[in-house]
Enquirer: 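Take a look at the following structure, please.
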Amino acid sequence: MAKWVYMFTEGNATMRNLLGGKGANLAEMTNLGLPVPQGFTITTEACTQYYEDGKKINDEIMAQIMESITKMEEITGKKFGDKENPLLVSVRSGARASMPGMMDTILNLGLNEEVVEVLANKSGNPRWAWDCYRRFIQMYSDVVMEVGKKYFEELIDKMKEEKGVTEDVDLTAEDLKDLAGQFKAEYKEKIGQDFPTDPKEQLMGAIKAVFRSWDNPRANVYRRDNDIPYSWGTAVNVQMMAFGNMGDTSGTGVAFTRDPATGEKKLMGEFLMNAQGEDVVAGVRTPQKISQLHEVMPEVYDQFVAICDKLEDHYRDMQDMEFTIEDKKLYMLQTRNGKRTAQAALQIACDLVDEGMITEEKAVAMIDPRNLDTLLHPQFDAAALKAATPIGKALGASPGAACGKAVFTADDAKNWAARGEKVILVRLETSPEDIEGMKAAQGILTVRGGMTSHAAVVARGMGTCCVSGCGDIVMDEANKKFTLGGKEFHEGDAISLDGSTGNIYDGLIPTVDATIAGTFGRIMGWADKYRTMKVRTNADTPGDAKKARELGAEGIGLCRTEHMFFEGNRIDAFREMICSETVEEREAALEKILPEQQGDFEKLYEALEGNPVTIRFLDPPLHEFVPTDEDDIKKLADAQGKTVEQIKTIIDSLHEFNPMMGHRGCRLAVTYPEIAKMQTRAVIRAAINVQKAHADWNVCPEIMIPLIGDIKEFKYVKKIVVETADAEIAAAGSSIKYEVGTMIEIPRACLTADEIAKEADFFCFGTNDLTQMTFGFSRDDAGKFLDAYYDAKIFENDPFAKLDQTGVGQLMEMAITKGKPANANLHVGICGEHGGDPSSVEFCNKLGLNYVSCSPFRVPIARLAAAQAAITAKNA
Ligand code: ADP
Ligand code: MG
Ligand code: MG
């Protein structure tokens, strides 16, 4: 019989896959002898089983849960529904990877009218008893029955108004009892049934709700962003309550062993007296700093500090902990390796190495490559920043610089961003429903909440700039405006945020690019020691190439020559070429283009300092370049000595029904060999010149023919290239070498890779097209239906962002297995968007690729991901 439930005493930290992160760590803390309210964990496998059984908890699992309740009652000496010593529990979700705030928790479960009276009488603290009860009804109604929080919050606000108080804590036992009654009435009205009184029925409802929450929309979005498979499922933790809401000797808080924003080694955190769990993060009241606990309760503070040290030492990483003090007694409710900013991640990894806590290899392995993205994003221009005066200041909750137009709802943020606007999301506070809007925004500004508020935690996770808790803002969400620093801001007004200092500015402050230095450079240095795959970049201009070199690129894996035609008035000659009717006309136009291409290539080779440069020949459908406006058409007609009518006829003739599968790629070279000849001349002449200028470099251009599906196509184009190149080299008396290879982006090329490899010097997977051609849907149109595919669980990810290893990956593997034996010198790389995606990079490492190539700003991410892949492979 499978074991579906583990007591905290039966688990440990290594059982994360089965028990989830929270459950495994509660067990580990129990093993370490720390004060953990006891309970049990229902496994992630039980969650998967629940879905397999058609969203039902089967008899076997149910029986094990019941057995565990009995054990828990024995351990705690309390009983569900008991008239003497009633047991109250929390029901908490916990997946393998932490997903803060994504799934739901229910506290104080086990209460009913009788039990609440028992608690009130026995404790002599009726306020506490009724506070628990009203919270429970609220959470249960919201999470289990999906009644919605807002009705209850409205009732609380009304009650506070009637009583003339501003804070929840100022409500009396009587008020809370009254509220509990109102809540139950609300429940009955919405659900049509009485609020459940049987603790075991409540428990089963709550467990199912946690399983269900695995599939809620915000959890699905979070998983997609963080590469967490749906199949993992969540565990459920049932744990005895520790009460932080018993009065002034009780409280609750969260803390980090190091600063999650900067990495600085110091205890950081917040707590609230007379409060329960999520009060601290919900921004209901403004919490106190953890250091102040030293004054409030010195002994508890010292005990807590000792536990923090012990946990960090044990896990050898920065810990993020939750605790509750119940009448001066400390309880630990959670520990995990804390989420942190990229900057903090680097600092902490370096510090841990310096402290002798971890090895360099471990330091490389512990940094999430996706996280680095934020460091590679622009920061405010220093001069512009100096000149700017902040109009307000709050907590720098997630670093980075952001500017954009103010919007007031998550939906607006999403919609404005979708039409290309940069927006700053301004909210009283955020909640998990806002996640997509937060993602779409450049930055987030909240009126309420501390460093551990929802907005702060989520923004740090996403690497989005966030300034939180700006109490100076007078907010009018309903009318989409706020006042700050004496100025009224409306929807669409420009503001800038500094997520490091917490400063808020009026207007847009220009930003500048980031560089690799300090801890970043140190970690990259270590990463380079372990990595076996090379990292190149996709760059079309010398500027991009230079930036990529600074970020550690070891070559260009893809230069898209068509991108070079958009500069200045080059497009004119290019249009003349497209609209030529004879070879002579076309050659005349190409003569104009040749020197410009050659010049560009020279600059690229210069920027790459002798490192390999792969130049892809003209690829896109030609009609993308034809003029559309009348003036341009007239200009072209004059240049060609044709009438406007003639040009329009030519343009019409270029129209294609399915241009992505039309006259493009190597097909252009087959129909117009003169284009391939011109590009070859430009590549070779540039290489000869740069080689001459730098005798110590080894300039060896790699010419890449796109969209090959048949070896005969490749041979045909290669012959043109080789004849032209060899003639150029001979004429110049040069001994320069060059390679001719192909992009692998059509499934047929994978299927016949053995034939192609005999002729090709290299393969480079163009996984954008390969994905498009393999799935048979257009990468430009997929956005329209992908959401429906996510909702229907057909796709978990966008296959254009994360490589489809099962299908597209198999084609890649086939191309390598067939290609390598056919050509011992064949080198293989990838230059699709996936070349900078960490999980795809790992896959490429497994396939034995020689390099990945990605956009300049993803180069460091790819370097780190490649190192991690090599470390994983080595330790496997
Ligand atoms: P999340 O993963 O969203 O943080 P948690 O399950 O950790 O959700 O719980 C939400 C809040 O409830 C936390 O502040 C936590 O400390 C508190 N909490 C959970 N279980 C208990 C318990 N047994 N006693 C007291 N507080 C609890
Ligand atoms: Mg928690
Ligand atoms: Mg392509």
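All heavy atoms count here, side chains included; hydrogens, waters and symmetry mates do not. Ligands are counted one by one from 1 in listed order, and the atoms in each one are counted from 1 as well.
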Enquirer: Which residue and non-hydrogen atom of the protein lie closest to atom 14 (O) of ligand 1, and at what distance in Å?
Expert: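 Result for atom 14 (O) of ligand 1: G277 CA, 3.2 Å.
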Enquirer: What part of V254, side chain from CB on, backbone N/CA/C/O, both or neither, has a heavy atom under 4.0 Å from ligand 1?
Expert: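 It is neither part, as no heavy atom is under 4.0 Å.
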Enquirer: Centres of the F304 and F323 rings: under 6.0 Å?
Expert: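 For F304 and F323, the ring centres are under 6.0 Å apart.
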Enquirer: Can you sort out which atoms of ligand 1 are near L107, meaning under 4.0 Å from one of its heavy atoms?
Expert: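 By the 4.0 Å cutoff, the relevant atoms are 12 (O), 18 (N), 19 (C), 20 (N), 21 (C), 27 (C).
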Enquirer: Between F271 and L293, which heavy-atom pair has the shortest distance, and what is it?
Expert: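 Heavy atoms of F271 and L293 come nearest at CE2-N, 3.5 Å.
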Enquirer: Quick one: does any side-chain atom of K3 pair with a main-chain N or O of V5 as donor and acceptor, under 3.5 Å?
Expert: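 Present.
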Enquirer: Between N245 (side chain) and A275 (backbone), is there a donor-acceptor pair under 3.5 Å?
Expert: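 Answer holds: no.
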Enquirer: What is the closest protein heavy atom to atom 3 (O) of ligand 1, and at what distance does it sit?
Expert: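 The protein heavy atom lying closest is G101 N, 3.6 Å.
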Enquirer: Side chain, backbone, both or neither: which part of E322 has a heavy atom under 4.0 Å from ligand 1?
Expert: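 Contact part for E322 vs ligand 1: side chain (C-beta onward).
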Enquirer: Mind checking whether Y140 and F195 have ring centres under 6.0 Å apart?
Expert: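 Yes - the distance between ring centres of Y140 and F195 falls below the 6.0 Å cut-off.
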Enquirer: Would a distance-only check, ignoring hydrogens and angles, find a side-chain to backbone donor-acceptor pair under 3.5 Å from R223 to W214?
Expert: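 Between the backbone of W214 and the side chain of R223 there is a qualifying donor-acceptor contact (under 3.5 Å).
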Enquirer: Looking at E278, which atoms of ligand 1 are within less than 4.0 Å of one of its heavy atoms?
Expert: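 Checking each atom against E278, I get 14 (O).
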Enquirer: Provide the closest heavy-atom pair for S93 versus T234 in the form atom of the first, atom of the second, distance.
Expert: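 Looking at all heavy atoms of both residues, the closest pair is CB-OG1, 3.8 Å.
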Enquirer: To check your reading of the model: name the closest protein heavy atom to atom 7 (O) of ligand 1, its residue, and the distance in Å.
Expert: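 The answer is R92 NH2, 2.6 Å.
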Enquirer: Identify whether the distance between the nearest side-chain nitrogen and carboxylate oxygen of E114 and K83 falls below 4.0 Å.
Expert: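 Answer for the salt bridge query: yes.
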Enquirer: Just jot down the ligand 1 atoms closer than 4.0 angstrom to any heavy atom of Q239, in number order.
Expert: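 The list of qualifying atoms is 20 (N), 23 (N).
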Enquirer: Any N or O of S90 that comes nearer than 3.5 Å to an N or O of ligand 1?
Expert: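 Between S90 and ligand 1 (N or O atoms, distance only) the closest approach is under 3.5 Å.
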Enquirer: Write out the residue and atom name of the closest protein heavy atom to atom 23 (N) of ligand 1, then the distance separating them to 0.1 Å.
Expert: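 Checking every protein heavy atom, the shortest distance to atom 23 (N) of ligand 1 gives M240 O, 2.9 Å.
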Enquirer: In E322, what N, O or S atom is nearest to the Mg ion (ligand 2), if we give its atom name?
Expert: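 Considering only N, O and S atoms, E322 comes nearest to the Mg ion (ligand 2) through OE2.
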Enquirer: Is there at least one pair of N or O atoms, one from A242 and one from ligand 1, spaced under 3.5 Å apart?
Expert: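 For ligand 1, there is an N or O atom that lies under 3.5 Å from one belonging to A242.
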Enquirer: Closer than 2.8 Å to the Mg ion (ligand 2): does that hold for any N, O or S atom in Q334?
Expert: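 True for Q334.
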Enquirer: Is the closest basic N to carboxylate O distance between R258 and E312 below 4.0 Å?
Expert: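 Here R258 pairs with E312 in a salt bridge, since their nearest N and O are under 4.0 Å apart.
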Enquirer: Measure from the side-chain N and O atoms of N25 to the backbone N and O of E28, and report whether any donor-acceptor pair falls under 3.5 Å.
Expert: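 Not at all, since once roles are kept as given, no pair shorter than 3.5 Å links the two residues.
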Enquirer: With atoms numbered from 1 as shown, which atoms in ligand 1 lie under 4.0 angstrom from a non-hydrogen atom of K22?
Expert: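 Ligand 1 atoms under the 4.0 Å threshold to K22: 1 (P), 2 (O), 5 (P), 6 (O), 7 (O), 8 (O).
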Enquirer: Quick test: of every protein heavy atom, which one is nearest to atom 8 (O) of ligand 1, and how far off is it to 0.1 Å?
Expert: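 Nearest neighbour among protein heavy atoms for atom 8 (O) of ligand 1, to 0.1 Å: T105 OG1, 3.1 Å.
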Enquirer: Give the residue and atom name of whichever protein heavy atom lies nearest to atom 27 (C) of ligand 1, and the separation in Å to one decimal.
Expert: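 I find the closest protein heavy atom is L333 CD1, 3.5 Å.
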Enquirer: With no hydrogens and no angle check, do the side chains of E429 and T446 hold a donor and an acceptor under 3.5 Å apart?
Expert: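 There is no such pair (donor and acceptor under 3.5 Å, judged by atom type) between the side chains of E429 and T446.
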Enquirer: Counting heavy atoms only, which part of Q334 comes closer than 4.0 Å to ligand 1: side chain, backbone, both or neither?
Expert: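 The part of Q334 near ligand 1 is the side chain, not the backbone.
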